[in-house]
Amino acid sequence: MEQNDKEHKENPCSTQPGNLVIATGDDNLKDIFHQISTSKTPAVINYGATWCGVCSQMLPAFYELSNKFSKLSFVYADIDACPETTLNIRYTPTFHFYRDGERVDEMFGAGEERLHDRLWLHS
């Protein structure tokens with residue numbers, strides 16, 4: 001049981017992603033962009049990296065917030081796993097917010113409360 005608890009703390013998305021989709025590569029992220037652009041569902045994409053300490057701190061909060069804001073689609077994209085589609089991402093973490101298929105907002109850096117407020121605004 002302790003091993004499972006440890007794995008859950010290290011990767012909060014490992015057991016059950018809930019409302020969170022993890023982009024597995026450039027082709028997958030392109031498919032996600034297509035779904036966002038053709039969907040009426042608001043979405044948020046969290047661009048991060050495994051080597052980014054702030055990103056690692058924000059990922060558990062992002063996961064928890066994905067369960068609280070069920071009207072939004074949540075996506076996590078590692079910039080190293082999706083190098084072609086994330087060329088324009090200059091800061092990690094970066095959050096992009098979409099409504100009616102269009103990017104309407106962005107947020108740079110950490111701050112669970114700031115992220116919560118933005119999610120509330122876009123949900």
Hey, could you give me the [atom1]/[atom2] distance between [X] and [Y], rounded to the nearest 0.5 Å?
{"X": "H116", "Y": "K68", "atom1": "NE2", "atom2": "NZ", "answer": "6.0 Å"}
{"X": "M107", "Y": "R114", "atom1": "CE", "atom2": "CZ", "answer": "4.0 Å"}
{"X": "S37", "Y": "Y98", "atom1": "OG", "atom2": "OH", "answer": "9.5 Å"}
{"X": "C52", "Y": "M58", "atom1": "SG", "atom2": "CE", "answer": "10.5 Å"}

For this session: Give every residue pair that meets the salt bridge (charged side-chain N to carboxylate O under 4.0 Å, His left out) criterion with at least one member in residues 102-111, sequence neighbours excluded.
Result: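 Listed by first then second residue: R103-E106, D105-R118.
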
Problem set entry | Contacts of type side-chain hydrogen bond (donor to acceptor under 3.5 Å, both in side chains), residue S123, not counting sequence neighbours | none

Exercise. Partners of S70 by side-chain hydrogen bond (donor to acceptor under 3.5 Å, both in side chains), sequence neighbours excluded?
Worked result: none

Exercise. Are any of the side-chain heavy atoms of F95 and F108 separated by less than 4.5 Å?
Worked result: no

Exercise. Are Y76 and D78 close enough that some pair of their side-chain heavy atoms sits under 4.5 Å apart?
Worked result: yes

Could you pull out the closest heavy-atom pair between [X] and [Y], with the gap in Å?
{"X": "F69", "Y": "F74", "answer": "O-CE1, 3.5 Å"}
{"X": "C55", "Y": "G48", "answer": "SG-CA, 3.6 Å"}
{"X": "K71", "Y": "P42", "answer": "O-CD, 3.6 Å"}
{"X": "L72", "Y": "A43", "answer": "CD2-N, 4.0 Å"}
{"X": "P93", "Y": "V54", "answer": "CD-CG1, 3.7 Å"}

Problem set entry | ring pair (Phe, Tyr, Trp, His ring centres under 6.0 Å) involving F97 - partner list, sequence neighbours excluded | H122

Exercise. Do the side chains of L20 and W120 join up, straight or via other hydrophobic residues, at under 4.5 Å, putting them in one cluster?
Worked result: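 Yes, because L20 and W120 connect within a single hydrophobic cluster, where side-chain heavy atoms sit under 4.5 Å apart.
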
For this session: Test I36 against every option in V44, I45, D31, D100 by the side-chain contact (heavy atoms from CB on, under 4.5 Å) rule and name the one that passes.
Result: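 Between I36 and the candidates, side-chain contact (heavy atoms from CB on, under 4.5 Å) is satisfied uniquely by I45.
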
Exercise. Just by distance, do the side chain of N46 and the backbone of V75 share a donor-acceptor pair under 3.5 Å?
Worked result: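 It does not hold such a pair.
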
Show the atom names and distances, to 0.1 Å, of all donor-acceptor pairs under 3.5 Å that link a side chain in residues 82-90 to residues at least two apart or in another chain.
residue: T85; atom: OG1; partner: D26; partner atom: OD1; Å: 2.7
residue: T85; atom: OG1; partner: C82; partner atom: O; Å: 3.4
residue: T86; atom: OG1; partner: I79; partner atom: O; Å: 3.3
residue: T86; atom: OG1; partner: C82; partner atom: O; Å: 2.6
residue: R90; atom: NH1; partner: L87; partner atom: O; Å: 2.8
residue: R90; atom: NH2; partner: L87; partner atom: O; Å: 3.3

Exercise. For atom OH of Y91, is the number of surrounding heavy atoms from other residues, nucleotides or ligands below 6.0 Å larger than 12?
Worked result: no

Problem set entry | Residue pairs passing the ring-ring contact (aromatic ring centres under 6.0 Å, His included) test where at least one lies in residues 28-52, sequence neighbours excluded |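 Qualifying pairs, neighbours excluded: Y47-H96.
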
